[in-house]
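What you are looking at is a predicted structure, and each value in this text was computed from that prediction instead of being measured. FYI, side chains are in, hydrogens and waters are out, and symmetry mates aren't considered; it's all heavy atoms of this structure. Atoms within each ligand, like the ligands themselves, are counted from 1 in listed order.
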Amino acid sequence: MANILVLYYSRGGHTALISDAIAKQILANGDQCDVMSIHESKQHPIDWSKYHAVALGACVLYGSYHKSVFEFVQQYQQALANIPNSFFCVNVVARNPEKRIPENNKYLQKFLTLSAWQPQDVKIIAGKVDYPSWPWYDSLMIRLIMKMTDGPTDPTAIIDYTDWEDVKAYGDHITQLAQVEFS
Ligand SMILES: Cc1cc2nc3c(=O)[nH]c(=O)nc-3n(C[C@H](O)[C@H](O)[C@H](O)COP(=O)(O)O)c2cc1C
C-alpha cells in the first residue's frame, strides 16, 4: 500500500474541497493518503520519508499564487522532487476546456516559470465562482475581469466549474504515479 500526501493552498475553501476529493479517490483505490494545507504544514512539519508520492495544489489569485506557495516549494523543492510529484492548479479561466491544456494556461506557465520546484506532472482544474461569499472588492474586480472575458457577472452567481469526475480521474492518476515508487 502506498502512502500519498496531498498538499494545498486554498483561500476560499474550494481547492481544499478538491484536495479532499482527490484524497477520497486515493483511499478508495486502497492506498493511504494525508491531506494538509501549506499553512497546517508549518505547525506540523511533514515527515517526507513516509510518502511515496505527493500532489500539491493551489488556487490562482489575481493572475498568480499566494506567496506562501512559492516559499513552500522553495523550501521543500528537494523533498518534492525526491518522490513522484504533481502540481494541480485551480482557476476559473479553466472553465474553458482549451485552458485546461497546460500549454494554453498562462497561470500554469507562470507557476513553472517562478517555482523553484519543477513538477514532473501537472494538472489544471476549473474552480468556482462565488461572488456572494467573496469580499465586495474581490467580487467587483473579478466581475470586471469576467465582463471582459464573457464570463458570469451577476453578483449573486455561485457557479462550480469543477468537473468532479475528472478530479476522481486525477486521484486515480496520482495512485498510479505512486505505484512507480512503491513497486
Ligand atoms: C481574489 C480572487 C482572485 C482571483 N483571480 C483569478 C484569476 O486571476 N484568474 C482565474 O482564472 N481565477 C481567479 N480567481 C478564481 C479562483 O482561482 C477560483 O475561485 C478558485 O476556485 C478559488 O479557490 P479557493 O476557494 O480554494 O480559494 C480568483 C478568485 C478570487 C477570490
Side-chain angles (χ1 to χ4, degrees), residues 4-26 33-44 54-73 80 85-115 117 119 122-171 174:
I4 297 169
L5 177 62
V6 178
L7 284 162
Y8 65 88
Y9 173 84
S10 177
R11 175 158 146 179
H14 195 70
T15 308
L17 282 183
I18 290 171
S19 302
D20 285 343
I22 294 166
K24 198 172 159 202
Q25 188 64 17
I26 291 168
C33 187
D34 291 331
V35 189
M36 199 188 283
S37 71
I38 284 177
H39 181 71
E40 283 167 329
S41 77
K42 287 179 182 154
Q43 277 109 50
H44 306 284
V54 57
L56 188 155
C59 59
V60 170
L61 299 169
Y62 293 127
S64 194
Y65 303 84
H66 191 266
K67 68 175 176 27
S68 65
V69 177
F70 291 117
E71 287 166 2
F72 183 90
V73 299
L80 288 160
N85 59 84
S86 180
F87 173 69
F88 62 98
C89 165
V90 178
N91 59 83
V92 290
V93 158
R95 67 187 185 282
N96 172 349
E98 272 197 7
K99 303 289 183 186
R100 287 176 223 153
I101 299 166
E103 293 72 26
N104 295 345
N105 190 291
K106 60 186 175 187
Y107 308 127
L108 178 70
Q109 294 307 321
K110 182 164 190 174
F111 182 82
L112 295 177
T113 302
L114 297 179
S115 167
W117 163 54
V122 292
K123 174 77 178 169
I124 297 160
I125 299 173
K128 186 179 182 183
V129 161
D130 192 349
Y131 295 133
S133 80
W134 292 346
W136 68 268
Y137 46 89
D138 285 335
S139 188
L140 185 67
M141 287 298 290
I142 305 300
R143 284 168 57 224
L144 283 171
I145 295 165
M146 285 294 193
K147 198 173 163 65
M148 294 186 283
T149 57
D150 282 332
T153 55
D154 177 347
T156 64
I158 302 174
I159 307 167
D160 183 354
Y161 289 108
T162 307
D163 177 344
W164 292 98
E165 285 306 311
D166 192 44
V167 171
K168 278 191 194 175
Y170 179 62
I174 299 299

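Protein residues with any heavy atom under 4.0 Å from ligand 1: Ser10, Arg11, Gly12, Gly13, His14, Thr15, Cys59, Val60, Leu61, Tyr62, Gly63, Val90, Asn91, Val92, Val93, Tyr107, Gly127, Lys128, Trp134, Asp138, Ile142.
With Arg100 contributing its side chain and Ile124 its backbone, the two residues share no donor-acceptor pair below 3.5 Å.
In this structure, the salt bridge (charged side-chain N to carboxylate O under 4.0 Å, His left out) partners of Lys168, at least two apart in sequence or on a different chain, are Glu165.
When side chains are defined from C-beta on, Phe111 does not count as touching Val122, because their heavy atoms never get closer than 4.5 Å. Annotation: side chain of Ile158 is in contact with side chain of Lys128 (closest heavy-atom distance under 4.5 Å).
Side chains of Ser115 and Tyr65: no donor on one and acceptor on the other come within 3.5 Å.
Atom-to-atom distance recorded for Phe88:CZ and Ile22:CD1 is 3.5 Å, nearest 0.5 angstrom.
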